[in-house]
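Shown next, in structure tokens, is the structure this report addresses.
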Amino acid sequence: MTETIQQQIQFLTKGCVDVVPSDALRKKLQRSWEKGEPLTIKVGFDPSAPDLHLGHTVIIRKMRHFQQLGHRVVFLIGDFTGLIGDPTGKNTTRPQLTPEEIETNAATYRRQIFKLLDPETTVVDFNSKWLGRLSSAEWIRLAAKVTVAQMLERDDFRTRYEAQKPIALHEFLYPLAQAYDSVVLKCDVELGGTDQLFNLLMGRHLMKEHGLEPQVAMTLPLLEGLDGVEKMSKSLGNYVAIEDPPNEMFGKLMSVSDDLMWKYWLLLTDRTAEDIEKMKADVNEGRRHPMEVKKDLARSLVEEFHGADAAESAEGEFGRVFSGRKLPAEIPEVEITSETPTMLLSKVLVQAGLAVSNSEARRLMSQGGVKVDGEGAGDPKMIISAISGQSLLIQVGKRRIARVSIVKTD
RNA sequence: GCAGGCGUGGCCGAGCGGUUAAAGGCAGCAGACUGUAAAUCUGCCGGCAUAUUGCCUACGGUGGUUCGAACCCAUCCGCCUGCACCA
């Protein structure tokens with residue numbers, strides 16, 4: 001029995017950075033097992049950004065782990081805390097979402113998260129349900145439970161304060177509100193990224209203040225994006241969306257550096273830490289090729305979100321295009337217009353959406369990045385004749401490719 | 001309200017009268033190589049112009065000083081800090 005609890009802990013804490021306090025999780029699991037009562041696990045999500053990417057799945061996957069052990073998972077949409085805005089320095093209060101928008105976003109969330117979570121046992125909730133009902137007096141009472149010094153312990157607040165960057169007063173309400181969610185839901189565990197540790201601990205503090213057994217705070221690393229530097233985020237463009245098409249997803253994962261790949265293995269798959277260490281050793285000692293290991297990673301993720309067939313064909317396509325230097329199976333057709341009998345190739349590239357500006361197009365050509373019908377087009381002055389119905393196969397770099405047909409206009 | 005500080009390209013960050021489309025780093029793009037959209041190396045990295053030395057736009061906004069301003073002055077806007085005021 002203690003054996004199984006031990007195994008559970010190992011399973012649940014795989015990849016985690018903090019488990020605070022470390023022994024509380026064991027106690028809660030023990031008691032849950034003895035009484036046959038599931039634990040309540042909470043994770044908060046932003047209501048306005050329902051496009052999930054692999055960075056989000058680190059935590060969603062952890063939610064699934066709890067779910068697999070029979071616990072109750074609350075996917076909490078922070079529609080109320082969303083008003084405050086994410087206190088990361090961009091201190092704008094966000095416009096209130098309409099109930100319709102919230103419902104749309106929630107539906108989008110459901111569509112995505114149920115690729116990983118069990119719809120039957122996942123509770124999707126909104127924190128405006130209770131936070132929106134708090135009176136001013138109740139807010140004041142809540143705010144009285146935390147000191148400014150405690151608030152300034154939050155790393156983000158402290159660094160901003162020291163760097164003389166603005167901290168708006170309402171930003172202090174964010175951790176408070178998030179903590180109050182835990183009070184209302186009587187959470188046993190709250191999960192979040194390492195940047196959430198303070199907020200999670202605030203939950204513990206507030207729960208104690210309300211005479212509840214404090215939750216366990218568990219944090220997971222923030223996943224670096226494809227650039228390997230910044231954390232994965234939509235605004236930085238270094239992300240793999242859950243809903244990226246198979247080929248795209250596969251290719252993006254193959255662009256992860258060999259070093260970062262191991263973190264992806266750890267946080268994005270259910271392989272055990274030992275398994276991954278073994279793979280790593282195999283690669284380091286030359287028994288396995290890193291590209292093969294990375295293909296395994298890419299395949300297993302594409303499979304998870306798109307199914308085995310899609311994964312297989314994505315891998316085939318990748319091998320054909322990038323290893324074999326062949327043309328992709330599907331090439332988009334683009335139609336452009338010309339008023340003159342001849343056209344500068346650079347203009348063609350811009351019109352076809354293969355380059356953003358004429359300058360860029362010329363640059364690409366002179367760098368040898370452009371091929372027309374398989375032939376290099378290195379002369380930036382290159383002119384092509386604009387014959388109606390003529391179709392050109394234009395490649396820019398390895399990834400931009402189109403079949404361009406020119407329509408003559410007068 | 002008073003005093004001081006700050007505002008540079010997608011981001012960070014130099015520059016403090018000309019040689020600055022603006023150092024350096026990050027991110028991005030292309031090429032070489034290859035084992036992949038890895039790593040490494042090289043080149044590019046505001047726009048326009050059939051284009052080596054041309055033009056335009058750009059260093060928070062506006063207006064000045066100057067042959068010449070991101071750099072100096074005035075003013076406005078925004079942000080930060082301290083003090084004061086109020087409570």
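In this text, all values refer to a predicted model and were calculated from it rather than measured experimentally. We name chains A, B, ... by the order of the sequence lines, and we start the count at 1 in each one.
Listed for the A:Q10 side chain is no donor-acceptor partner under 3.5 Å among the backbone atoms of A:Q6. Side-chain atoms of A:Q351 never come within 3.5 Å of backbone atoms of A:I336 as a donor-acceptor pair (strictly under, hydrogens ignored). A distance-only check finds a donor-acceptor pair linking the side chain of A:H306 to the backbone of A:D244 [under 3.5 Å]. Of the possible polar contacts, none joining the A:Y264 side chain to the A:T269 backbone as a donor-acceptor pair under 3.5 Å is found.
Between A:K347 and B:A49, a side-chain N or O to OP1/OP2 separation shorter than 4.0 Å is present. Distances shorter than 4.0 Å separate some side-chain N or O of A:K381 from OP1 or OP2 on B:U52. Side-chain nitrogen and oxygen atoms of A:S255 include none within less than 4.0 Å of the OP1 or OP2 phosphate oxygen of B:U36.
For A:K408 against A:E339, the heavy-atom pair with the smallest separation is CE-O, 4.0 Å.
Remark: the separation of the P atoms in B:C41 and B:G47 is 26 Å, to the nearest Å. Separating the C1' atom of B:A58 from that of B:C45 is a span of 16 Å, rounded to the nearest Å. Taking atom C1' in both B:G82 and B:C16, the straight-line distance is 26 Å, to the nearest Å. Across B:A49 and B:U57, the matching C1' atoms stand 15 Å from one another, rounded to whole Å. Comparing B:G9 with B:C44, their C1' atoms sit 16 Å apart, to the nearest whole Å. Nucleotides B:C48 and B:U53, compared at atom P, are 16 Å apart to the nearest Å.
Applying a 4.0 Å cut-off to non-hydrogen atoms, the residues of residues 353-372 of chain A that approach RNA chain B are A:S357, A:N358, A:S359, A:R362, A:R363, A:L364, A:Q367, A:G368, A:G369, listed by residue number. Of the residues in residues 288-316 of chain A, those placing a heavy atom less than 4.0 Å from an atom of RNA chain B are A:H289, A:P290, A:M291, A:K294, in numerical order. Heavy-atom distances under 4.0 Å link RNA chain B to no residue of residues 233-246 of chain A.
Here B:U42 sits opposite B:A30 as a Watson-Crick or G-U wobble pair (both hydrogen-bonding atom distances under 3.5 Å).
Using bins of under 30°, 30° to 60° and over 60° for the plane-to-plane angle, the ring pair A:H53/A:Y239 lands in the tilted bin. The aromatic rings of A:W139 and A:F80 lie parallel to each other, with less than 30° between the two planes, well short of the 60° mark.
Distance A:I384 CD1 to B:U50 P: 15 Å, rounded to the nearest Å. Rounded to a whole Å, the CD1 atom of A:I401 is 17 Å from the P atom of B:C29. Rounded to a whole Å, the NZ atom of A:K252 is 17 Å from the C1' atom of B:A38.
For CD of A:E103, the number of neighbouring non-hydrogen atoms (other residues, nucleotides, ligands) closer than 6.0 Å is greater than 12. Annotation for A:N284: atom CG counts as buried by contact number, over 12 foreign heavy atoms lying within 6.0 Å. In this structure, A:K371 places its NZ atom where only 12 or fewer heavy-atom neighbours from other residues, nucleotides or ligands lie under 6.0 Å away. When the shell of 6.0 Å around NZ of A:K326 is examined, it contains 12 or fewer heavy atoms from other residues, nucleotides or ligands.
Within the 4.0 angstrom heavy-atom criterion, no nucleotide atom of any strand lies near A:L260. Counting any heavy atom pair closer than 4.0 Å across all strands shown, A:D258 reaches a base atom.
Ranking B:C26, B:G28, B:U36 by closeness to the A:V229 side chain, first place goes to B:C26.
Side-chain N/O atoms of A:S182 and A:K42 include a donor and acceptor closer than 3.5 Å.
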